[in-house]
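Remember, predicted model here, so these are calculated numbers, not experimental data.
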Amino acid sequence: MQCFVYASLRKHDSYLWLAQRDALDLLPESLALLLGELRFVMEVQLDEQRKLPVEDTAQVLEHLRTQGWHLQLPPQETLASANHPAYQHSPRNDRDE
């Protein structure tokens with residue numbers, strides 16, 4: 001399947017895969033507002049044998065076939081790092097010690 005990938009200029013590391021080039025009218029309005037302006041990144045031939053670095057190929061293909069688009073969000077590890085214990089405390093003020 002030929003597909004087209006767009007990067008969100010508002011949401012870092014978020015990508016929109018489309019089954020048809022520039023078919024942005026398929027998106028729910030709330031998703032379009034969330035992603036904001038999109039920049040075309042690449043055109044790719046996708047099939048079940050092709051491995052994707054972040055996404056499950058079968059899931060991407062299923063979404064493209066059924067709804068015409070697939071949303072790729074940043075990996076959970078990126079978001080979870082904000083919960084690291086080192087970030088849960090405010091910096092110490094060494095002058096008060």
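- Remark: side-chain polar atoms of Tyr6 are paired, donor with acceptor, to backbone N or O of Asp22 under 3.5 angstrom.
- Put simply, the side chain of Pro28 reaches to within 4.5 Å of the side chain of Trp69, judged on heavy atoms.
- For the atom pair CE of Met1 and CG of Asp47, the computed distance is 11.0 Å after rounding to the nearest 0.5 Å.
- Rounded to the nearest 0.5 angstrom, Lys11 NZ and Leu38 CG are separated by 13.0 Å.
- Aromatic ring pairs are classed by plane angle as parallel below 30°, tilted from 30° to 60° and perpendicular above 60°; the pair His63 and His70 is parallel.
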Problem set entry | side-chain contact (heavy atoms from CB on, under 4.5 Å) evaluation trace for Phe4 with Trp17 | CA-CA 6 Å; Phe4 307 88; Trp17 295 66; over 6 Å; no
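- Between Ala23 and Leu18 the shortest heavy-atom distance is N-CD1, 3.7 Å.
- Residue-environment remark: CD (Glu43) exceeds the threshold of 12 foreign heavy atoms within 6.0 Å.
- Grouping the Ile, Leu, Val, Met, Phe, Trp and Tyr side chains by contacts below 4.5 angstrom, directly or via other members, places Leu73 apart from Val60.
- Rounding to the nearest 0.5 Å places OG of Ser14 at 6.5 Å from CG of Leu35.
- Met42 and Leu16 fall into different hydrophobic clusters, defined by Ile, Leu, Val, Met, Phe, Trp and Tyr side-chain heavy atoms under 4.5 Å apart, directly or through other members.
- Crowding of Gln67 atom CD: a count of heavy atoms from other residues, nucleotides or ligands under 6.0 Å exceeding 12.
- In this structure a side-chain-to-backbone donor-acceptor pair under 3.5 Å is missing from Glu55 to Thr57.
- Without hydrogens or angle criteria, Arg10 side chain to Leu33 main chain gives a donor-acceptor distance under 3.5 Å.
- Criterion: ILVMFWY side-chain heavy atoms under 4.5 Å apart, direct or through other members. Under it, Leu46 and Phe40 are not part of a common hydrophobic cluster.
- Annotation: the span from Leu64 atom CG to Gln2 atom CD amounts to 11.5 Å, rounded to 0.5 Å.
- Val5 and Leu71 fall into different hydrophobic clusters, where Ile, Leu, Val, Met, Phe, Trp and Tyr residues are linked whenever their side-chain heavy atoms come under 4.5 Å apart, directly or through other members.
- Remark: Leu34 CG to Leu27 CG distance equals 10.5 Å, nearest 0.5 Å.
- Atom CG in Leu26 sits 11.0 Å away from atom CG in Leu31 (nearest 0.5 Å).
- A donor-acceptor distance shorter than 3.5 angstrom exists from the side chain of Arg50 to the backbone of Gln45, with no hydrogens or angles considered.
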